**Q** 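Here's a structure for you.
Letters A, B, ... are given to chains in the order of the sequence lines, protein chains preceding strands, and every chain is numbered from 1. What you see is a predicted model, and the numbers here were worked out from it, not measured in a lab.
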2 protein chains.
Amino acid sequence: MTSQRTSPGTTDVLPDEVDPASDAMTWTIAEVADEFGVTHRTVRHYEDLGLISPERRGTTRVYHRRDRTRLGLVLRGKRLGFPLEEIRTIIDLYDAPRGRRSQLEYVLAQIDERRADLEQRRRDLEAALAELDGFERRCREDLGRMR
Amino acid sequence: MTSQRTSPGTTDVLPDEVDPASDAMTWTIAEVADEFGVTHRTVRHYEDLGLISPERRGTTRVYHRRDRTRLGLVLRGKRLGFPLEEIRTIIDLYDAPRGRRSQLEYVLAQIDERRADLEQRRRDLEAALAELDGFERRCREDLGRMR
DNA sequence: CACGTTCTTGACGTTGACGTCAACGTAAAG
DNA sequence: CTTTACGTTGACGTCAACGTCAAGAACGTG
């Protein structure tokens, strides 16, 4: 009934093998937790913070494709080191109403801020990788001199 | 006596304008804290965790170039979202003794692990930036249709 | 229909990363 | 020689991000 095989630490936001045609497909909390490799407590915590808002059938949570999309975005944000509160403002942006012109311009301004942040991270990341490369080279030279 | 002008959120690990010739130059805790844009409490916390280990003159801490280098690495690691404990193992790696062959090979293995981690982050980052770009395009199209 | 499985809502505990006092030492400046 | 500016060590507080019970409700299955 649900998808399998989603190893943690992937770049994709969604686990694969999800029937693309069924927009009406739903999942239980255990299913989404398993597929995304988190506990149900984590999923509930994200709901408490307003990161996802599953439907309720009676008292039970029912997750739709939209919730999975958002959960995927949350976890990628976490892998990138963003705090959950900040992640919420970001993904809320994607779902924000953009009817009026002022709203659209606000959204565009937010996008610029976000991009600046991400690009700073990219520079840090490239610098760290470059240093790692240089360090490995020196280590290999040391190793060459030893034998 | 000390350097100025280091805005937070830079990619460089060290504040600029530091006399490159003086290896014997030292700094107080207030100086390094100010230059790196953190509190003295933060600097002490990092010392508690073994991230830096300044010299002591009597009871007073004296910071050398080495400490500043490590502090810079710590803060960049933080900007990348790594926990402090993990940061410690990473930067300790740079200072690890590599005398024996087995040590060198251990270090090289660690480097590979680190690189894999960083590259995963890079993929996440690129994906996030790509999504942001696509989203901006759609917003601009909406904006174009409105006027 | 009893039973085990899965779901629910609290509520308290924990860990990381510091902030925030309090209380005290020390060294230069007026 | 007192004041002022920094420095020091605790020790406790706080906030985020969950973990970890506890104690029911609801649901399919033999």
**Q** Can you check the A:Tyr46 OH to D:dA16 P distance for me, whole Å?
**A**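 Computing the A:Tyr46:OH to D:dA16:P distance gives 14 Å.
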**Q** Can you tell me how far C1' of C:dC18 sits from CG of B:Leu75, to the nearest Å?
**A** 13 Å
**Q** Consider only side-chain heavy atoms of I, L, V, M, F, W and Y, link residues closer than 4.5 Å, and tell whether B:Tyr94 and A:Leu125 are in one cluster.
**A**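 Yes, one cluster joins them.
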**Q** Please report the distance, rounded to the nearest Å, between CD1 in A:Ile87 and C1' in D:dA17.
**A** 11 Å
**Q** Which nucleotide in the set D:dT8, D:dA17, D:dA11 lies at the smallest distance from any side-chain heavy atom of B:Thr59?
**A** D:dT8
**Q** For D:dC18, does either OP1 or OP2 sit under 4.0 Å from a side-chain N or O belonging to A:Thr39?
**A**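 For D:dC18, OP1/OP2 do not have a side-chain N/O of A:Thr39 under 4.0 Å.
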**Q** Verify the cluster assignment for B:Val62 and B:Trp27: are they in a single hydrophobic cluster under the rule of side-chain heavy atoms below 4.5 Å apart?
**A** no
**Q** Only one of B:Val74, B:Asp48, B:Val38 passes side-chain contact (heavy atoms from CB on, under 4.5 Å) with B:Val43; say which it is.
**A** B:Val38
**Q** Rounded to whole Å, how long is the line connecting atom CD1 of A:Ile29 with atom P of D:dA26?
**A**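 Checked: the CD1 to P distance equals 17 Å.
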**Q** In terms of heavy-atom contacts, does OH of B:Tyr106 have more than 12 from other residues, nucleotides or ligands at under 6.0 Å?
**A** no
**Q** Check whether any side-chain nitrogen or oxygen of B:Lys78 sits under 4.0 Å from OP1 or OP2 of C:dA17, and answer yes or no.
**A** no
**Q** Send over the distance from B:Arg44 CZ to C:dG16 P, rounded to a whole Å.
**A** 18 Å
**Q** Rounding to an integer number of Å, can you tell me how far A:Arg57 CZ sits from D:dC27 P?
**A**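 Going from A:Arg57 (CZ) to D:dC27 (P), I get 12 Å.
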**Q** By nearest atom, which of the nucleotides D:dG7, C:dC7, C:dG19 is closest to the B:Thr42 side chain?
**A**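 Taking heavy atoms from C-beta onward, the closest nucleotide is C:dG19.
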**Q** Could you check whether B:Asp112 pairs with B:Arg115 (Lys NZ or Arg NE/NH1/NH2 to Asp/Glu carboxylate O, under 4.0 Å)?
**A** yes
**Q** Side chain of B:Leu84 only, please: which of C:dA17, D:dA17, D:dG7 is the nearest?
**A**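 Taking heavy atoms from C-beta onward, the closest nucleotide is C:dA17.
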**Q** What is the distance, rounded to the nearest whole Å, between atom CD of B:Glu55 and atom P of D:dG7?
**A**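 The distance from CD of B:Glu55 to P of D:dG7 comes to 16 Å, rounded to the nearest Å.
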**Q** Specify the separation, in whole Å, of atom CG of A:Asp48 and atom C1' of D:dC18.
**A** 11 Å
**Q** Could you tell me whether B:Arg56 contacts a base, only the sugar-phosphate backbone, or nothing, with contacts defined as non-hydrogen atoms closer than 4.0 Å?
**A**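 Sugar-phosphate only.
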**Q** Please tell me which of the listed nucleotides, D:dT8, C:dA17, C:dC18, lies nearest to the side chain of B:Pro83?
**A** C:dA17
**Q** Can you check whether any acceptor in the base of C:dT20 is under 3.5 Å from a donor in the side chain of B:Arg41, or vice versa?
**A** yes
